[in-house]
Amino acid sequence: MPREFQEAYKNKTRAFNGDVGENYWQNSSDYVIEAEIVPGTWKIYGKQTISYTNNSPDSLSEIVIKMYPNHYKKGGVRANKIPLENLTNGMVISNLKVNDEVVNLGIDASVSNLAHATKKKNPSSNISVSYNSTFLTLEFNNKPISPNSTTKLSMDWETEMPLIYVNKIGAYDKESAFIGYWYPQIAVYDDIDGWDKNEYTGAQECYTDFGNFNVKIKVPKGNYVFATGELLNAEEVLSPEEYSAYVLSKTNPESTYVLKAKTLGEISKTKSTWHFKAKYVRDFGFGVSNNFNWVANATIIEDKKLSSNIVYSYKDEKNLRDLLNIQQKSIEYLSNTLPGVPYPYQSFTSFIGVPEFDGMEFPMMANNGFSDTEIRNNLMTFHELAHTYLPHWVGINEVKYSWMEEGWVTFLTMKFCQDFYKNTAYENFELNRAIKSYCKSAGKQWEPPLFSPSNYMVVRNMHFQQSYRKPAFMYLALEHLLGEERFKRCFKTYLNRWKEKHPTPFDFMFTFNDVSGENLNWFWKKWVFEYGYADLGLKKIEGSKVVLENAGGLPVPVSLKLTYANNKTAIINKTPEIWSSGKSSVFIEIVNVEGLISVELISDSFPDVNTTNNLIEIKR
């Protein structure tokens, strides 16, 4: 266990049974934001106050403010290619005050090259400023932020969204855009790493604290805003007909059209302000459009009516009009089947119009692309909605541990697909797709141990393998090992223990050890901390025993098909526990060898990189 984690357990902020430690603490930021959006140019003019509460036992000598739009600033740090049209001046903050003390933002106290930055304090102020690519640091020269205190920050700022959609946010066209990673945000200060000073490069997503949001968004009248949280002034911003349909959709399980693009009025020179509030969420995102359809219904979970919404371009009506039913089935599956935890918020909205098949989750929202293939749209809708649980309800550090959220959601999508399409040709569509993708990269140099920090993975193949495919199959192997019922009990306990908190890989692993009643460290050692891949092979048959070799080293499930001369077949299934000894080969006993003509290693339900050694035929 790395030193920083050892310190956390020593300080009892985390417990060795996987539960929240008796001394666990977590800071929070409450945001009051007023922003004006200019469609077409997609410029944003904002002002905000932040109430930052230091619940830690530490006196904080600095505050880190994330400036995600600087990803598009000329000269910014990036792991991805972006169109030249998307280069901007980034985010410009002005009138910054900390507890009413004015901060001089024009003086950068840091000087850096490839070596560590050096800092020079501003002798005329309590607060010095240093800039990195996508964050700035306020260093308090004399008065640190004391434990159990709240600091108030206020600021004006302006920025703009990418004119060409890229990296999960930006403009669809001159009339529609999704706004994400858009406001100055206090970075996370936690018990593992202290301040999160990782640059936002576009390769990974974000690590954010929980807080309350009170947000007013001003747009030219005729535009509609769809956002995280609850719309407080619906009657004011909607027409009487729209408002009536909106109210009906909150209680009606049938589909209700709130907006139809063909009936929308002209854009006015006057402005309308949309007011949203969201309680204790880890981010805030929203979409703006004047030409989208909006269909909604009430999905009932444990007598609670949830507002389910699909918002999409009228041009895509034929591909997307039935997605509300899929979204309802997705909410019901997640709430009632797996993980079996009721959907934790009051609404969910899929905002669909991304000009490529892509998706990005935000609290209570998703920004999705679309396909002309129905099943891909259906599974995209489920996938992004499932992110409600991880990383949004359970606040995963996506920067370091993307496998703890993307991997879970990939696993859940495979399970949902098998349930929703059961006994059809599409039952294993997602599973087969994941197996194929996994096998392309498995065992290669860019597949390091899962515990490797995700933000070091800037190669696309590495990111998708480590964040999505490999962990999804680890969770599937774990389900085989524990059985569905015990696995689900462990999963639910983990989610409920760490809801609205920040778990690490050890909290996850220790919880499964604790709730399952087993020491699974042999399993974690192979899957999380070592190199390895899924690759089994049949070596030979010795009398009534099959010798099975584990070339890839990962503890994976085993399924053997026995074929006899009379055309009868039998299946032998073994859980990953067969590899718990750590040996690279095992014997599997065959009860009946009379008339046996072949033994085949079945690889259609779990990856196997090399299938050329999966069959032994017995000559008689």
Side-chain angles (χ1 to χ4, degrees), residues 4-5 7-15 19-33 48-68 93 96-99 101 103 126-127 130 132 134-140 143-155 181 183-198 200 205-215 228 278-284 363 390-401 404-405 497-504 506-507:
E4 63 269 35
F5 293 90
E7 283 296 311
Y9 287 97
K10 178 182 176 181
N11 294 331
K12 297 184 178 180
T13 54
R14 298 165 194 272
D19 209 340
V20 178
E22 61 183 85
N23 295 331
Y24 181 81
W25 53 265
Q26 187 170 295
N27 294 350
S28 64
S29 300
D30 292 342
Y31 296 84
V32 178
I33 305 174
Q48 68 186 41
T49 60
I50 308 172
S51 297
Y52 179 69
T53 302
N54 177 20
N55 294 311
S56 80
D58 307 326
S59 293
L60 303 181
S61 60
E62 59 186 10
I63 282 184
V64 177
I65 300 176
K66 296 284 187 172
M67 303 167 68
Y68 293 112
I93 296 178
L96 175 60
K97 296 179 182 179
V98 179
N99 290 334
E101 180 178 350
V103 179
N126 174 48
I127 303 174
S130 61
N132 288 70
T134 54
F135 63 89
L136 65 81
T137 302
L138 305 179
E139 184 173 350
F140 303 102
K143 303 173 185 175
I145 298 173
S146 60
N148 302 311
S149 68
T150 297
T151 299
K152 182 179 179 181
L153 298 90
S154 63
M155 66 197 76
Y181 310 149
Y183 58 95
Q185 183 185 91
I186 304 297
V188 176
Y189 180 84
D190 68 19
D191 61 322
I192 302 296
D193 298 310
W195 284 108
D196 170 25
K197 292 188 177 181
N198 289 293
Y200 176 66
E205 290 158 12
C206 303
Y207 183 30
T208 55
D209 262 327
F210 290 86
N212 301 309
F213 287 80
N214 184 344
V215 182
T228 295
K279 184 178 180 181
Y280 215 62
V281 294
R282 60 190 293 274
D283 199 2
F284 188 99
L390 302 132
H392 290 310
W393 194 52
V394 176
I396 305 299
N397 183 343
E398 300 173 273
V399 178
K400 290 177 65 179
Y401 321 122
M404 290 180 66
E405 46 100 18
R497 281 179 175 180
W498 289 94
K499 63 185 178 184
E500 299 178 340
K501 297 178 178 67
H502 298 310
T504 72
F506 291 104
D507 301 313

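The residues of the chain are indexed from 1 along the displayed sequence.
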Legend entry - Side-chain touch Y68/T134, heavy atoms, less than 4.5 angstrom: no
Legend entry - Exam field: side chain D30 to backbone N212, donor-acceptor pair closer than 3.5 Å: yes
Inset, instruction - Look up atom CG in N23 and atom CZ in R14, then write down how far apart they are to the nearest 0.5 Å. - result: 12.0 Å
Legend entry - Over all atoms of both residues, closest heavy-atom pair of V399 and E205: CG2-O, 3.6 Å
Inset, instruction - Identify the two heavy atoms, one from Y52 and one from S29, that lie closest to each other, and give their separation to 0.1 Å. - result: CD1-OG, 3.1 Å
Inset, instruction - Start with the C-alpha gap between L96 and L138, add the side-chain angles, then the distance that decides, and say whether side-chain contact (heavy atoms from CB on, under 4.5 Å) holds. - result: CA-CA 11 Å; L96 175 60; L138 305 179; 4.0 Å; yes
Inset, instruction - Without swapping roles, check the side chain of W195 against the backbone of E62 for a donor-acceptor pair under 3.5 Å. - result: yes
Inset, instruction - Answer yes or no: is there a side-chain heavy-atom contact under 4.5 Å between T228 and D283? - result: no
Inset, instruction - Answer whether the closest heavy-atom distance between the side chains of I65 and I63 falls below 4.5 Å. - result: yes
Legend entry - Ring centres under 6.0 angstrom apart (Y181, Y200): yes
Inset, instruction - Check the angle between the aromatic planes of F210 and Y280 and answer parallel, tilted or perpendicular using the 30° and 60° thresholds. - result: parallel
Legend entry - Pairwise side-chain contact, T49 with S154, heavy-atom cut-off 4.5 Å (strictly under): yes
Inset, instruction - Using distance alone, with no hydrogens and no angle criterion, decide if T150 and T53 have a side-chain donor and acceptor under 3.5 Å apart. - result: yes
Legend entry - Closest heavy-atom pair and its distance - Y183, Q48: CB-OE1, 3.7 Å
Inset, instruction - Could you tell me whether D507 and K501 have a side-chain N and a carboxylate O separated by less than 4.0 Å? - result: no
Legend entry - E101 bridged to K143 by N-O distance under 4.0 Å: no
Inset, instruction - Measure the CG-CD distance between L390 and E405 for me, rounded to the nearest 0.5 Å. - result: 7.5 Å
Inset, instruction - Indicate the atoms forming the closest heavy-atom contact of I93 with M67, along with that distance. - result: CD1-CE, 3.9 Å
Inset, instruction - Starting at CD1 of I192, measure out to CZ of F506 and round the result to the nearest 0.5 Å. - result: 9.0 Å
Inset, instruction - Drop me the distance from N99's CG to K152's NZ, to the nearest 0.5 angstrom. - result: 9.0 Å
Inset, instruction - Using the test ring-ring contact (aromatic ring centres under 6.0 Å, His included), find all partners of Y24 that sit at least two apart in sequence or belong to another chain. - result: W498
Inset, instruction - Please round to the nearest 0.5 Å and tell me the distance separating atom CH2 of W25 and atom CG of N11. - result: 10.0 Å
Inset, instruction - Could you tell me which non-hydrogen atom of P503 sits nearest to which non-hydrogen atom of I396, and how far apart they are? - result: CG-CD1, 3.6 Å
Legend entry - Pair K400 + D196, salt bridge at N-O below 4.0 Å: no
Legend entry - Intermediate values then yes/no, side-chain contact (heavy atoms from CB on, under 4.5 Å), F140 and I127: CA-CA 5 Å; F140 303 102; I127 303 174; 3.8 Å; yes
Legend entry - Check: N55 side chain, Q26 main-chain N or O, donor-acceptor pair, under 3.5 Å: yes
Legend entry - Flag, side chain of N54 to backbone of S56, donor-acceptor distance under 3.5 Å: yes
Inset, instruction - Grab the two heavy atoms, one from N27 and one from Y189, that are nearest each other, plus how far apart they are. - result: ND2-CD2, 3.8 Å
Inset, instruction - With rounding to the nearest 0.5 Å, note down the distance linking OG1 in T151 to CD1 in I186. - result: 9.0 Å
Inset, instruction - Could you tell me how the ring of H502 sits relative to the ring of Y207: parallel (under 30°), tilted (30 to 60°) or perpendicular (over 60°)? - result: perpendicular
